[in-house]
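Remarks on the structure that follows.
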Amino acid sequence: MSKIILGGGLSGLSAAYYGINKFPYEVITLVEKSDRVGGWLKSVRQDDGSIFEQSARTIRPSGEAGANTLQLLNELGLSHEIVPVLRNSPAALNRMIYVNGNLHILPNSLGSMFRKQKPFSKPLYRYFLNDVVAAKKKIVDNDESLYSFVDRRFGTEIADYLISPMVCGICGGDAKEISVKFLMKSIFEKEQEYGSVTRGLIANFLNKKETAPREPTQLEQRANAEKWSVYSFKNGIETLPNALRKDILSKGVKIDLNQDIQEIEVHKKSILMKRTDGTVLVANHLISSIPALNLAPLLKKDHPYLSDILSTFETASMCVVNLKYNKKLLRQDGFGFLVAPKENLPLLGVIYDSCCFPHEDSTILTAMLGGFKFNTYFNEKTTAEEVLNIALKNLGKILNISDQPDNFKVSILRQCIPQYTVGHSKKISLIENYLSDNGLALSLCGASYYGVGVNDVILSAKKAIDEL
Ligand SMILES: Cc1cc2nc3c(=O)[nH]c(=O)nc-3n(C[C@H](O)[C@H](O)[C@H](O)COP(=O)(O)OP(=O)(O)OC[C@H]3O[C@@H](n4cnc5c(N)ncnc54)[C@H](O)[C@@H]3O)c2cc1C
């Protein structure tokens, strides 16, 4: 028996890891387009020891997916590499938004929910009371945009000042297009069933079924005891794909690099994959972790229905600008700030890396630009220099930083982040039904399907392997 894993990003590497552990006697081949594994995850160490992250930089320890990643890190022996941001640190407490031409710290304690705090025109608790009185509305097709849901239940200021910037920060997306199920699936379903979020939560509390307590793993216990908000690694986030690569190679997984796969045949019990030199790999099952838009053309000939659905998945592009200044420049410590889309800026937000993970007497920032606004401000011809200038101009305007950076790196990441627009979960059901009705030797994992974050793509790989 043999399996092929298509795509060597974090999800493909995780699928190979779980796959070889579950099927130690099988031939497992990981096939990757580029000359390295890790996908978007890339940590570039600078001469002075600081690290510039190209994409992801922090991981959340919470929830089912967070616990699963911690378990994986335990198994890979990476516990001692972890650098956490603690919940009581300014980097965890001070999350800011830029709106109406100013930076504002978001309410971050129970007390602050009862105080009027700009940019909100009333204390936060009053927006939540709005949910109790807001009219019940049955949503056709059981999906709507995050913006519309939050606007309906909690009011426009929560939608504009909290949810819209948050969606920009998570996926560079437009809350008016992204499905409510992307972030609020369970509370949306409760609201639809009980008429309001509050009633739904009360009903949930009263009907709560006892679930068997789960023994937290050693690392989860440490994360809870030390109160981690998020974490990264001493040598950057690429520590994780590097460790996975080393582990799967030692267990016999073959890694086939520089293979930009353009042709596959997926049957009921077999798959054929044409390599770039024309040779054909044959296996009993394919686990595809590549983006849906890349998979769509590969399935066009044999499975046009599946291909058509996959080709409707949307993505956004981003520019990431890492900046280092050899002095302290920030007036307010914090995680960073997100820009409310109504400000109409190319900037999505800025992460204060040197507050999260202090590095000598320097200021390290990462500006994220573009996302759903990419085509408004950038195009195919945009150069790294233009992106840098736009980032610096915005930092000047918002943070009053007029210094030139002592070091910088600009990355233009095209189609780097999936957009789970309204109707995403319906498409996933159609795909799952097609695969099971036809008994195809194909499973899907990766950022296109079941969540866009690091934890999600690892868990999606685990579930794909568990189901085999
Ligand atoms: C700017 C940015 C910031 C982010 N920040 C965070 C964060 O702070 N925290 C967090 O949790 N998540 C974050 N994420 C999300 C996180 O980076 C992704 O969840 C994760 O990297 C996706 O991994 P993946 O394996 O699903 O996909 P990818 O990394 O896209 O890997 C897919 C792989 O498939 C290969 N491939 C594609 N087509 C083919 C083909 N035809 N043949 C062979 N190989 C192919 C590609 O070369 C690639 O290596 C961020 C993402 C971005 C873009």
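First listed ligand is number 1; within each ligand, the first listed atom is number 1. The shown structure was predicted, so the numbers you read here are calculated from the model rather than taken from an experiment.
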For [atom], what's the nearest protein heavy atom and its distance?
{"atom": "atom 44 (N) of ligand 1", "value": "Lys33 N, 3.0 Å"}
{"atom": "atom 21 (O) of ligand 1", "value": "Leu41 CD2, 3.7 Å"}
{"atom": "atom 3 (C) of ligand 1", "value": "Ser55 C, 3.4 Å"}
{"atom": "atom 31 (O) of ligand 1", "value": "Gly9 CA, 3.3 Å"}
{"atom": "atom 47 (O) of ligand 1", "value": "Glu32 OE2, 2.7 Å"}
{"atom": "atom 28 (P) of ligand 1", "value": "Trp40 CD1, 3.8 Å"}
{"atom": "atom 13 (C) of ligand 1", "value": "Ala56 CB, 3.3 Å"}
{"atom": "atom 42 (N) of ligand 1", "value": "Ile261 N, 3.2 Å"}

Of all the atoms in ligand 1, which lie at a distance below 4.0 Å from a heavy atom belonging to [X]?
{"X": "Gln259", "result": "42 (N), 43 (C)"}
{"X": "Val452", "result": "15 (C), 16 (C), 18 (C), 19 (O)"}
{"X": "Arg57", "result": "7 (C), 8 (O)"}
{"X": "Asn294", "result": "37 (C), 38 (N)"}
{"X": "Leu6", "result": "42 (N), 43 (C)"}
{"X": "Gly446", "result": "26 (O)"}
{"X": "Cys416", "result": "53 (C)"}

Location of contacts on [X] toward ligand 1, heavy atoms closer than 4.0 Å:
{"X": "Val454", "value": "both"}
{"X": "Val457", "value": "side chain"}
{"X": "Arg60", "value": "neither"}

Between atom [atom1] of [X] and atom [atom2] of [Y], what is the distance when rounded to the nearest 0.5 Å?
{"X": "Ser34", "Y": "Gln259", "atom1": "OG", "atom2": "CD", "value": "11.0 Å"}
{"X": "Asn407", "Y": "Asn322", "atom1": "CG", "atom2": "CG", "value": "9.0 Å"}
{"X": "Trp228", "Y": "Leu86", "atom1": "CH2", "atom2": "CG", "value": "9.5 Å"}
{"X": "Ile287", "Y": "Leu6", "atom1": "CD1", "atom2": "CG", "value": "10.5 Å"}
{"X": "Leu430", "Y": "Asp308", "atom1": "CG", "atom2": "CG", "value": "12.0 Å"}
{"X": "Thr363", "Y": "Asn326", "atom1": "OG1", "atom2": "CG", "value": "9.0 Å"}

Out of the candidates Val350, Leu347, Asn102, only one should pair with Ile398 under the side-chain contact (heavy atoms from CB on, under 4.5 Å) rule; please name it.
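Between Ile398 and the candidates, side-chain contact (heavy atoms from CB on, under 4.5 Å) is satisfied uniquely by Leu347.
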Start with the C-alpha gap between Lys22 and Asp466, add the side-chain angles, then the distance that decides, and say whether salt bridge (charged side-chain N to carboxylate O under 4.0 Å, His left out) holds.
CA-CA 8 Å; Lys22 181 167 175 182; Asp466 284 351; 5.2 Å; no
How about Thr29 and Asp256: does a side-chain donor come under 3.5 Å of a side-chain acceptor?
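Judged by distance alone, the side chains do not pair up.
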Please confirm whether [X] comes within less than 3.5 Å of ligand 1 when only nitrogen or oxygen atoms on both sides are compared.
{"X": "Ser11", "result": "yes"}
{"X": "Ser34", "result": "no"}
{"X": "Leu10", "result": "yes"}

Kindly state each residue pair satisfying side-chain hydrogen bond (donor to acceptor under 3.5 Å, both in side chains) with at least one member in residues 168-178, sequence neighbours excluded.
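Listed once each, the pairs would be none.
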Which one of Glu53, Lys409, Arg57, Gln54 satisfies the side-chain hydrogen bond (donor to acceptor under 3.5 Å, both in side chains) criterion with Thr366?
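It is Arg57; the other options fail the test.
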Is the distance between the ring centroids of Phe335 and Tyr352 under 6.0 Å?
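For Tyr352 and Phe335, the ring centres are not under 6.0 Å apart.
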Option nearest atom 9 (N) of ligand 1 (shortest heavy-atom distance, choices Thr58, Ile237, Leu13, Ile290):
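Shortest heavy-atom distance from atom 9 (N) of ligand 1: Thr58.
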Scan for ring-ring contact (aromatic ring centres under 6.0 Å, His included) pairs involving residues 409-429, sequence neighbours excluded, and state none if there are none.
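Applying ring-ring contact (aromatic ring centres under 6.0 Å, His included) to every pair that reaches into residues 409-429, excluding sequence neighbours, yields Phe182-Tyr420, Phe313-His424, Tyr420-His424.
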Stepwise salt bridge (charged side-chain N to carboxylate O under 4.0 Å, His left out) check, Lys462 with Glu467
CA-CA 9 Å; Lys462 180 169 190 292; Glu467 281 163 16; over 6 Å; no
Ligand 1 contacted by Ile59 (non-hydrogen, < 4.0 Å):
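Ile59: no contact with ligand 1 (<4.0 Å).
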